[in-house]
Each structure stands twice: as C-alpha cells, then as structure tokens.
Amino acid sequence: MFIHLLLEVMVPLFFYVILGYTFNKIFKLNLSTLTTLLVYLFLPVAVFMKMYSSPLSGEVAGSILLFLIIQFALMSFISLIACRIRGIEPSMRGAFANSIALNNSGNLGLPVNALVFKNDPFAMSIGVLIVLFQNIMTFTVGIYNAEATVKMKQAIIKMLKLPILYSVVLGFILQLSHVELSDGIVSVFDPITAAFAPFALISLGAQLAESGNDIDWANLGLSNFLRLIGAPLLAYGIILIFGFEGVIAKALFIGSAFPSSRNSALLSFKGPHASFAAQTVISSTIISSVTIPIIIQLSDILF
C-alpha cells in the first residue's frame with residue numbers, strides 16, 4: 001500500500017511542484033496571472049464538474065457536515081491557543097490557522113479515497129462532501145485569515161465575487177435535478193477539470209521559487225504536527241462521540257490526515273506571510289508521504 005500510494009499519488013504531486021519551481025526560476029512566471037486563472041477559471045469549473053458528476057449520500061450528509069463543522073471549529077480554536085502560547089504575531093495568525101484547518105482534500109484526498117476504497121461510490125460521496133466543505137471554508141474563513149488587515153465585511157464581499165461559490169450551488173442543483181449537460185458543454189469543461197490539479201501544483205511550485213529562504217522552523221514544525229498528527233487524533237475522538245463506524249469512520253479519519261491545502265498558500269500569494277504559507281504546504285505534503293499510509297493502516301485497525 002505504501003509503495004502504491006507513493007508511486008500513484010505522491011510522485012505525480014511532487015513532479016508538478018518541481019516543474020513549477022523550475023519554470024519560475026528559468027522564465028520568471030507572473031504569479032498574479034497564474035492565481036487569476038486558478039481562481040476564476042480552473043477552480044470553479046473543476047468544482048462544478050465534481051459537484052455535478054459525483055453522487056452525494058443524503059442519508060449521512062447531515063451528520064457528516066456537522067462532524068466537519070465541529071472539526072474545523074476545534075482546529076481553528078487550537079490554532080488560536082497555539083498562536084497565543086507561542087506569541088505569534090497577529091498578522092501571521094491567519095496564515096497559521098489556514099495551514100492547520102484547511103487540508104488538501106481535493107487533488108490529494110480524492111485520489112487516496114479512490115485508491116483505499118477501490119472507487120466505492122459511497123466512500124467517494126463522503127470524500128466529495130469533505131472537498132465541498134473545505135472549498136467553502138477556504139473561500140470564506142480562509143480569505144479572511146489570509147488577509148490580516150481585512151475586515152469581515154470586506155471578506156464577505158470578496159467571497160461573493162468569487163465564482164466558485166456559484167459553481168458549487170449550480171453543480172449541486174443540477175445534480176439533484178438530474179439535469180443532463182450537453183456533450184458540447186462537457187467536452188469543453190472536462191479538459192479544464194482534468195488540468196486543474198496539475199496547473200494548481202505547478203502554480204504552487206512557482207510560488208515556492210519566490211518564497212525566499214527564511215524558514216521559521218519552530219512554527220513550521222508546529223503547523224505540520226497539528227495538521228498531520230493533531231487533526232487525525234481530534235477526528236478520532238469526534239468519530240467516537242458521533243458513533244460512526246465502517247466506511248464512514250474510515251473515510252472521515254483518513255480525510256482528516258491530509259497535508260495543508262495548496263489553496264491556503266494561493267490565498268496568501270500577496271500577503272505578508274506568503275513564504276510561510278508555501279512552506280507549510282510543501283513540507284506537510286512531503287511528510288504526509290509517510291504519515292498518510294500510517295493513518296490508512298490505523299483506520300483498518302481502529303474501525
């Protein structure tokens with residue numbers, strides 16, 4: 001399982017990140033343009049197609065959503081406590097919170113879900129619900145956290161201008177209504193959806209090339225510990241309280257163990273702590289190549 005996961009998921013991820021890093025070093029890419037394409041083209045189209053084509057289980061959706069809300073709130077609270085204990089400056093607290101509360105449930109979580117559960121539709125529906133929740137949190141709370149000086153009203157206005165929210169709603173409505181998209185629309189959207197993950201990772205690599213060499217090892221290590229170890233421990237406790245079993249418990253436990261979201265770094269492109277945001281994504285992704293297989297094995301033992 002470890003070798004399979006490494007070859008099928010982790011190696012391609014690092015390949016695209018290294019590619020973006022190399023291209024930016026050689027050609028000096030425009031990060032603002034890359035971000036604009038991601039936020040206003042690739043991301044909304046990809047999310048719309050995922051929502052439209054993926055089966056969501058109405059039977060457990062409500063309880064899973066409540067689980068995700070509690071988990072996110074507790075991780076955010078833990079982040080606040082950690083920042084106060086460590087004396088982390090206020091302008092950096094948002095970036096730190098994003099690094100542990102937002103995870104890479106999309107281009108890493110869904111492939112792992114498909115691999116572990118052998119493309120089981122029920123397990124995949126849980127994975128899609130996690131992706132949906134994470135996307136909503138990213139482009140609401142995540143935006144607010146990423147811009148240290150922004151007020152909540154400004155964050156809400158900025159959020160409402162983002163196409164991803166409307167693509168989520170539209171995709172969900174069409175999926176529930178069983179509306180068939182024309183072959184022409186699908187033929188246009190499918191290539192963009194397929195290109196989303198590589199393009200996002202290439203953009204992340206390009207950002208890393210400009211992130212600087214200064215590394216705050218203490219805060220970086222704490223972020224990785226809370227994201228990769230603290231989050232699964234917390235999820236395990238909540239799972240026991242909810243009484244989840246079987247596939248639901250395994251999918252939620254594994255879904256809590258993914259590294260920091262690349263979107264948390266993309267949101268911080270122009271922020272004062274872009275370097276820290278990029279470093280948390282890269283370092284947690286590298287470490288997760290070891291921790292994720294362990295979590296997968298533990299899920300079989302615990303549930």
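Residue indices begin at 1 and follow the sequence shown.
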Asks: Locate the shortest heavy-atom distance separating I292 from A257; write the atom from each residue and the value.
Replies: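 In this case the closest contact between I292 and A257 is CG1-O, 4.0 Å.
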Asks: Can you tell me how far apart OG1 (T22) and CZ (F27) are? Round to the nearest 0.5 Å.
Replies: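 Result: 10.0 Å between the selected atoms.
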Asks: Using the test salt bridge (charged side-chain N to carboxylate O under 4.0 Å, His left out), find all partners of D183 that sit at least two apart in sequence or belong to another chain.
Replies: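 Residues passing salt bridge (charged side-chain N to carboxylate O under 4.0 Å, His left out) with D183: none at all.
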Asks: For the residue pair F67 and F242, does the interplanar ring angle fall in the parallel (under 30°), tilted (30 to 60°) or perpendicular (over 60°) class?
Replies: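 Rings of F67 and F242: perpendicular, as their planes differ by over 60°.
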Asks: Rounded to the nearest 0.5 Å, how far apart are CG of D120 and CD1 of I126?
Replies: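 Answer for the CG-CD1 pair, D120 versus I126, is 8.5 Å.
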Asks: Is a side-chain donor or acceptor of N104 paired with a backbone partner of P259 at a separation under 3.5 angstrom?
Replies: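 No: the side chain of N104 does not pair with the backbone of P259.
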Asks: For N98 and G142, indicate whether the former's side chain and the latter's backbone hold a donor-acceptor pair under 3.5 Å.
Replies: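 Here the side-chain-to-backbone pair exists.
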Asks: Hydrophobic cluster membership, with links at side-chain heavy-atom distances under 4.5 Å among I/L/V/M/F/W/Y: are L233 and I81 in one?
Replies: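 Unlinked, L233 and I81 end up in two clusters.
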Asks: Taking the side chain as C-beta and beyond, is there a heavy-atom pair between Y166 and L170 under 4.5 Å?
Replies: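 Contact flag for Y166/L170 side chains = no.
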Asks: Which heavy-atom pair separates V131 from S105 by the least distance, and what is that distance?
Replies: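 In this case the closest contact between V131 and S105 is CG2-O, 3.1 Å.
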Asks: Spell out, as yes or no, whether a donor-acceptor pair under 3.5 Å connects the side chain of Y16 to the backbone of A200.
Replies: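 Answer holds: no.
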Asks: Could you list all the ring-ring contact (aromatic ring centres under 6.0 Å, His included) pairs where at least one residue sits in residues 221-241, not counting sequence neighbours?
Replies: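 Applying ring-ring contact (aromatic ring centres under 6.0 Å, His included) to every pair that reaches into residues 221-241, excluding sequence neighbours, yields Y236-F303.
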Asks: Within the supplied structure, the quantity of interest is the number of heavy atoms (other residues, nucleotides, ligands) at a distance under 6.0 Å from F77 CZ; does it exceed 12?
Replies: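 Result for CZ/F77: open.
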Asks: Search all heavy atoms of Y52 against all heavy atoms of L181 and return the closest pair with its distance.
Replies: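 Heavy-atom minimum between the residues: OH-N, 2.9 Å.
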Asks: Using every non-hydrogen atom in the two residues, find where A206 and L31 come nearest and quote the distance to one decimal.
Replies: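 Scanning both residues completely, I find the closest heavy atoms to be CB-CD2, 3.7 Å.
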Asks: Kindly determine whether I100 and T280 satisfy side-chain contact (heavy atoms from CB on, under 4.5 Å), including the steps that lead there.
Replies: CA-CA 9 Å; I100 71 168; T280 57; over 6 Å; no
Asks: Roughly how far, to the nearest 0.5 Å, is the CZ atom of R227 from the CZ atom of F96?
Replies: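 One gets 11.5 Å once the value is rounded to the nearest 0.5 Å.
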Asks: Look at the aromatic rings of F72 and F133 and report parallel, tilted or perpendicular, splitting at 30° and 60°.
Replies: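 Ring orientation of F72 relative to F133: perpendicular.
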Asks: Could you see if F15 belongs to whatever hydrophobic cluster contains I202? Use Ile, Leu, Val, Met, Phe, Trp, Tyr and a side-chain cutoff under 4.5 Å.
Replies: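 Result: yes, single cluster for both.
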Asks: When rounded to the nearest 0.5 angstrom, what distance separates OG in S260 from CD1 in I287?
Replies: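 The CD1 atom of I287 is 9.5 Å from OG of S260, to the nearest 0.5 Å.
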Asks: Can you give me the closest heavy-atom contact between T33 and N30, atom names plus distance?
Replies: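 T33 and N30 have their closest heavy atoms at N-OD1, 3.1 Å.
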Asks: Any chain of hydrophobic side-chain contacts (each under 4.5 Å) joining M92 to I85?
Replies: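 They do not share one cluster, since no chain of ILVMFWY contacts under 4.5 Å joins M92 to I85.
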Asks: Taking all non-hydrogen atoms of both residues, which atom of I88 and which atom of R93 are closest, and how far apart?
Replies: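 Smallest interatomic distance, heavy atoms only, reads O-NE, 2.9 Å.
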Asks: Can you confirm whether the side chains of S99 and S223 place a donor and an acceptor under 3.5 Å from each other?
Replies: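 Side chains of S99 and S223: pair found under 3.5 Å.
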Asks: With rounding to the nearest 0.5 angstrom, report the CD1 to CZ distance, I296 to F117.
Replies: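 One gets 8.5 Å once the value is rounded to the nearest 0.5 Å.
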Asks: Roughly how far, to the nearest 0.5 Å, is CD1 of I239 from OG of S299?
Replies: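 These two atoms lie 9.5 Å from each other.
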Asks: Under a single-linkage definition using a 4.5 Å side-chain heavy-atom cutoff for Ile, Leu, Val, Met, Phe, Trp and Tyr, are L43 and I185 assigned to the same hydrophobic cluster?
Replies: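 Linked, L43 and I185 end up in one cluster.
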Asks: Establish whether F244 and L302 are linked, either directly or via other cluster members, by ILVMFWY side-chain heavy-atom contacts under 4.5 Å.
Replies: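 Yes, one cluster joins them.
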Asks: With heavy-atom distances below 4.5 Å as the criterion, would you say the side chains of I238 and L74 are in contact?
Replies: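 Touching, per the 4.5 Å side-chain cut-off.
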Asks: Is a donor on one side and an acceptor on the other found under 3.5 Å between the side chain of N103 and the backbone of S256?
Replies: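 The answer is no, because no donor-acceptor pair under 3.5 Å joins these two groups.
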Asks: Dump the intermediate steps for side-chain contact (heavy atoms from CB on, under 4.5 Å) on F48 and T193, then the final yes or no.
Replies: CA-CA 9 Å; F48 169 77; T193 302; over 6 Å; no
